[in-house]
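Beneath this line is the structure, given in C-alpha cells, with notes to follow.
Residue numbers start from 1 in every chain, and the chains themselves are labelled A, B, ... in the order their sequence lines are given, proteins ahead of strands.
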Protein chains: 2
Amino acid sequence: MPETEVDDLDHAILRLLHEDARRTYADMAERVGLSTAATKRRVDRMRESGVITGFTVQVDHARLGWPVEAFSEIRYAGTASVSEIVDSASRQPEVQAVYTLAGDLDALVQVRVRDLAHLQEVIDRLRRNGTVTGTRTLMVLGRWTRT
Amino acid sequence: MPETEVDDLDHAILRLLHEDARRTYADMAERVGLSTAATKRRVDRMRESGVITGFTVQVDHARLGWPVEAFSEIRYAGTASVSEIVDSASRQPEVQAVYTLAGDLDALVQVRVRDLAHLQEVIDRLRRNGTVTGTRTLMVLGRWTRT
DNA sequence: CGTGAAAACCCCTGGCA
DNA sequence: TGCCAGGGGTTTTCACG
C-alpha cells in the first residue's frame, strides 16, 4: 500500500474521466493545463497505485430487457460467515452488488430482473440459498445518480 | 423511443467495454471478429440510441479519503413529491445515488463520507431537509460488485 | 451492414530542463 | 515533475460490395 498522494490536478483529471472515461489524454491535458505526456503519466500512476480501479461503460438496462431493479435486505443465521453471505448471493446472475452491513441486517443485495415474476424467482432463490432467515425487498421506482 | 435492436455482437462489445471502457476499437474488433469501422459504428449507434449512457472511471474512494459508505432509508411526509425527495437528497454532495421506492419506505440514499462524524452530519442534514419523517442508516462493511 | 484504405489525429516513448 | 518532438498506431471518414 504505497502512500497515495493525490493532488488537485489528479482530482481534476478524475472528474474529467468520471464524466467521460473515453476522453483522450490530449483533451484532458488541455482542460487541466498540462501536456498530454504529463496527463498520461498521472493517469498511469493512479492506475498503478490503485486509486483508479478500472474504466467501465454505463448502459440503460431497461433497453436491454432488464427494466426492474430492486434491493433485498437479508438476514442470515448466526452461523453464516461474511464470505458465505457474499458467495451465495453473488452466485445469482441477477445480483449486481452485495453490501455487507453493520447492525441487525446482514446484507443489502441489489438485483436487476426482466419482470416481477423474475424478481420473485430471484428472491426465492436467495431465500433458499444458505442460511437466510429473512428478507425484505424494496422495489426501485426511480433512480438518480451523481453526474 | 426508437426500437432498440441489440444483437449478440452488440452484447459482446458491451461486455468488452464493461471490462475496460478504454479499449481501442481495433482491439474490440479483433475479439468480436469485425473490422474496426464496423465496431465503431455499432458503439456509435448504441450511444445514439441510448443503450450506452456513458463511460466512467471506477475509483477506490477509500484511497481518496472517503472510506465510509452507508445507505439511509428515508420516509417523507405525505405531501412530498418524488422530485422534491430526489432534489433535497441529491443536493448533499456526499450523496452518491438516490433510489425512490415502492412501499412504506420512500427513498434509499447512498452516501460516501470521510468518517463517522461526517456521516452523522450528513444524516442530520438529510433529516432537517424538506419533509423527512424518519430515517434508518445501514453502514456498509464490505461490498461486492459484479465483474 | 459489412469491408478496406487514406488522412488526420492521438498515443507513447525518449531526451532534457 | 514537467515539456517537446518524433515515429508508430488508432481513429475516423470515405467509397464501395
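- Taking every heavy atom of residues 22-47 of chain B and every atom of DNA chain D, pairs under 4.0 Å involve B:T24, B:Y25, B:A26, B:T36, B:A37, B:K40, by number.
- No salt bridge links B:R91 with B:D87; every basic N to acidic carboxylate O contact stays at or beyond 4.0 Å.
- Using a 4.5 Å cut-off on side-chain heavy atoms (C-beta onward), B:V122 and B:H118 make contact.
- Here the closest non-hydrogen pair linking B:W144 and A:Q96 is CZ3-O, 3.9 Å.
- Salt-bridge check for A:E73 with B:R136: passed, with a basic side-chain N closer than 4.0 Å to an acidic carboxylate O.
- If you check the side chains of B:T135 and B:S72, you find no donor sitting under 3.5 Å from an acceptor.
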